[in-house]
Asks: 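Got a structure here, written out as structure tokens. Questions coming.
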Amino acid sequence: SLGALALSPLIAVGKAWYGRDSEDREPRREAAVAATEVWRRATSAPLGFVAGSFRYDNAAAFYSPERPSVFVGFDYFGNRWASPETIAARGLLTICKTDDEACLDATERFATPAARRETLALAHAAFGRTRDRVDFVVTAIPPR
């Protein structure tokens with residue numbers, strides 16, 4: 001146990017530098033924080049719902065300081081806490097990878113004339129290593 005404890009910092013650095021797991025490479029926290037800033041520039045309302053590309057929607061709900069609800073897969077049936085009325089009343093923030101056509105198309109269905117879009121290029125950095133850049137389209141759809 002003491003050996004494992006002593007080696008744990010080296011294992012963490014090794015995972016950051018050489019890990020192939022998406023958990024170690026994707027800029028989920030960075031995307032959540034940057035997308036929340038897009039929301040704050042678009043509206044002064046609290047962030048109500050977030051949706052987006054696989055795992056980025058949950059990451060935004062987890063890492064965003066505003067603690068929004070997740071609107072998984074843009075699907076009302078699977079998200080009983082969301083309805084067209086609550087989405088319209090509380091707003092929606094989407095985080096789509098630029099190559100995720102399904103996410104971008106779903107965002108278009110929810111977008112209003114007040115929606116604000118920004119493109120972001122983010123990379124995950126840990127222990128002195130920066131991973132590959134990921135491009136996003138972030139859309140803030142303010143409450144009505």
Side-chain angles (χ1 to χ4, degrees), residues 4-5 7-144:
L5 180 64
L7 290 175
S8 63
L10 295 174
I11 293 169
V13 171
K15 280 185 69 174
W17 275 81
Y18 303 108
R20 294 187 180 157
D21 184 7
S22 66
E23 298 289 334
D24 302 325
R25 294 177 301 160
E26 293 183 353
R28 293 189 194 134
R29 181 179 187 282
E30 294 85 351
V33 172
T36 301
E37 288 304 314
V38 170
W39 178 264
R40 289 179 178 163
R41 286 192 296 273
T43 180
S44 61
L47 177 54
F49 287 94
V50 65
S53 295
F54 182 64
R55 293 191 176 167
Y56 285 95
D57 51 0
N58 284 322
F62 183 79
Y63 290 115
S64 174
E66 301 216 9
R67 300 292 184 239
S69 296
V70 182
F71 186 44
V72 181
F74 299 88
D75 177 33
Y76 290 114
F77 184 77
N79 298 278
R80 300 297 176 153
W81 52 89
S83 68
E85 296 79 22
T86 58
I87 295 286
R90 294 179 60 200
L92 177 65
L93 175 69
T94 67
I95 305 169
C96 299
K97 293 169 77 173
T98 55
D99 61 353
D100 186 350
E101 291 298 324
C103 181
L104 295 169
D105 291 344
T107 297
E108 274 306 308
R109 289 192 305 272
F110 285 88
T112 65
R116 178 178 177 164
R117 285 178 189 79
E118 291 189 27
T119 56
L120 303 174
L122 304 168
H124 179 65
F127 297 105
R129 177 150 190 206
T130 302
R131 294 301 202 143
D132 294 336
R133 184 187 81 186
V134 179
D135 297 317
F136 298 94
V137 175
V138 176
T139 306
I141 304 164
R144 61 173 175 225

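Throughout, residue positions are numbered sequentially from 1 according to the sequence presented.
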Asks: Over all heavy atoms of both residues, which pair between Pro142 and Ala114 is shortest? Give the atoms and the distance, please.
Replies: CD-O, 3.6 Å
Asks: Quick check: does any side chain N or O of Asn79 sit under 3.5 Å from a backbone N or O of Val72, one acting as donor and the other as acceptor?
Replies: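 Pair found, side chain donor or acceptor close to backbone of Val72.
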Asks: List the residues meeting side-chain contact (heavy atoms from CB on, under 4.5 Å) with Ala89, not counting sequence neighbours, and say none if there are none.
Replies: none
Asks: Could you tell me which residues satisfy side-chain contact (heavy atoms from CB on, under 4.5 Å) with Ala121, sequence neighbours excluded, listed by chain and number?
Replies: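 Result, side-chain contact (heavy atoms from CB on, under 4.5 Å) vs Ala121: Arg133, Asp135.
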Asks: What pair of heavy atoms forms the shortest contact from Thr43 to Ala45, and how long is it?
Replies: OG1-N, 3.1 Å
Asks: Could you tell me the separation between the CZ atom of Arg28 and the CG atom of Asn58, rounded to the nearest 0.5 Å?
Replies: 9.5 Å
Asks: For Ala32 and Ala60, which heavy atoms make the closest approach, and how far apart are they?
Replies: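 Scanning both residues, the minimum pair turns out to be CB-CA, 3.5 Å.
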Asks: Do the non-hydrogen side-chain atoms of Val50 and Ser64 ever get within less than 4.5 Å of each other?
Replies: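 No, every pair of side-chain atoms sits at 4.5 Å or beyond.
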Asks: Please list all pairs meeting salt bridge (Lys or Arg N to Asp or Glu O under 4.0 Å) that have one or both residues in residues 99-110, counting only residues at least two apart or in different chains.
Replies: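 Listed once each, the pairs are Glu108-Arg117.
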Asks: Which heavy atom of Ala123 sits nearest a heavy atom of Pro27, and at what distance?
Replies: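 Looks like C-CB, 3.8 Å.
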Asks: What is the minimum heavy-atom distance between Ala31 and Leu122, and which atoms define it?
Replies: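 Result for this residue pair: CA-CD1, 3.4 Å.
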Asks: Quick one: do Thr98 and Val137 satisfy side chain to side chain contact (heavy atoms under 4.5 Å, CB included)? Show the steps, please.
Replies: CA-CA 6 Å; Thr98 55; Val137 175; 3.9 Å; yes
Asks: What distance do Leu93 atom CG and Asp57 atom CG have between them, rounded to the nearest 0.5 Å?
Replies: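 It is 11.0 Å, given to the nearest 0.5 Å.
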Asks: Which pairs count as disulfide (SG to SG under 2.5 Å) when at least one residue sits in residues 50-98, sequence neighbours excluded?
Replies: Cys96-Cys103
Asks: Which pairs pass salt bridge (Lys or Arg N to Asp or Glu O under 4.0 Å) with one or both residues in residues 38-47, sequence neighbours excluded?
Replies: Glu37-Arg40, Arg40-Glu66, Arg41-Glu118
Asks: Who passes side chain to side chain donor-acceptor pair (under 3.5 Å) against Thr86, sequence neighbours left out?
Replies: Ser83
Asks: Where do Glu26 and Val134 land on the side chain to side chain contact (heavy atoms under 4.5 Å, CB included) test, with the steps shown first?
Replies: CA-CA 8 Å; Glu26 293 183 353; Val134 179; 5.6 Å; no
Asks: Please list all pairs meeting ring-ring contact (aromatic ring centres under 6.0 Å, His included) that have one or both residues in residues 30-63, counting only residues at least two apart or in different chains.
Replies: Tyr56-Phe136
Asks: Test of understanding: with side chain to side chain donor-acceptor pair (under 3.5 Å), list the residues that count as partners of Thr112, not counting sequence neighbours.
Replies: none
Asks: Can you run down the disulfide (SG to SG under 2.5 Å) pairs that involve residues 38-85, sequence neighbours left out, and say none if there aren't any?
Replies: none
Asks: Taking only residues two or more places apart in sequence or in another chain, which ones pass side-chain contact (heavy atoms from CB on, under 4.5 Å) with Arg80?
Replies: Phe77
Asks: Listed by chain and number, what are the side-chain contact (heavy atoms from CB on, under 4.5 Å) partners of Ala51, not counting sequence neighbours?
Replies: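 For Ala51 the side-chain contact (heavy atoms from CB on, under 4.5 Å) partners, ignoring immediate neighbours, are Phe71, Phe74, Leu92, Thr94.
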Asks: With no hydrogens and no angle check, is any side-chain donor or acceptor of Ser53 less than 3.5 Å from a backbone partner on Lys97?
Replies: yes
Asks: How long is the gap from OG1 on Thr107 to CD1 on Ile141, to the nearest 0.5 Å?
Replies: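 Separation between the atoms: 6.0 Å.
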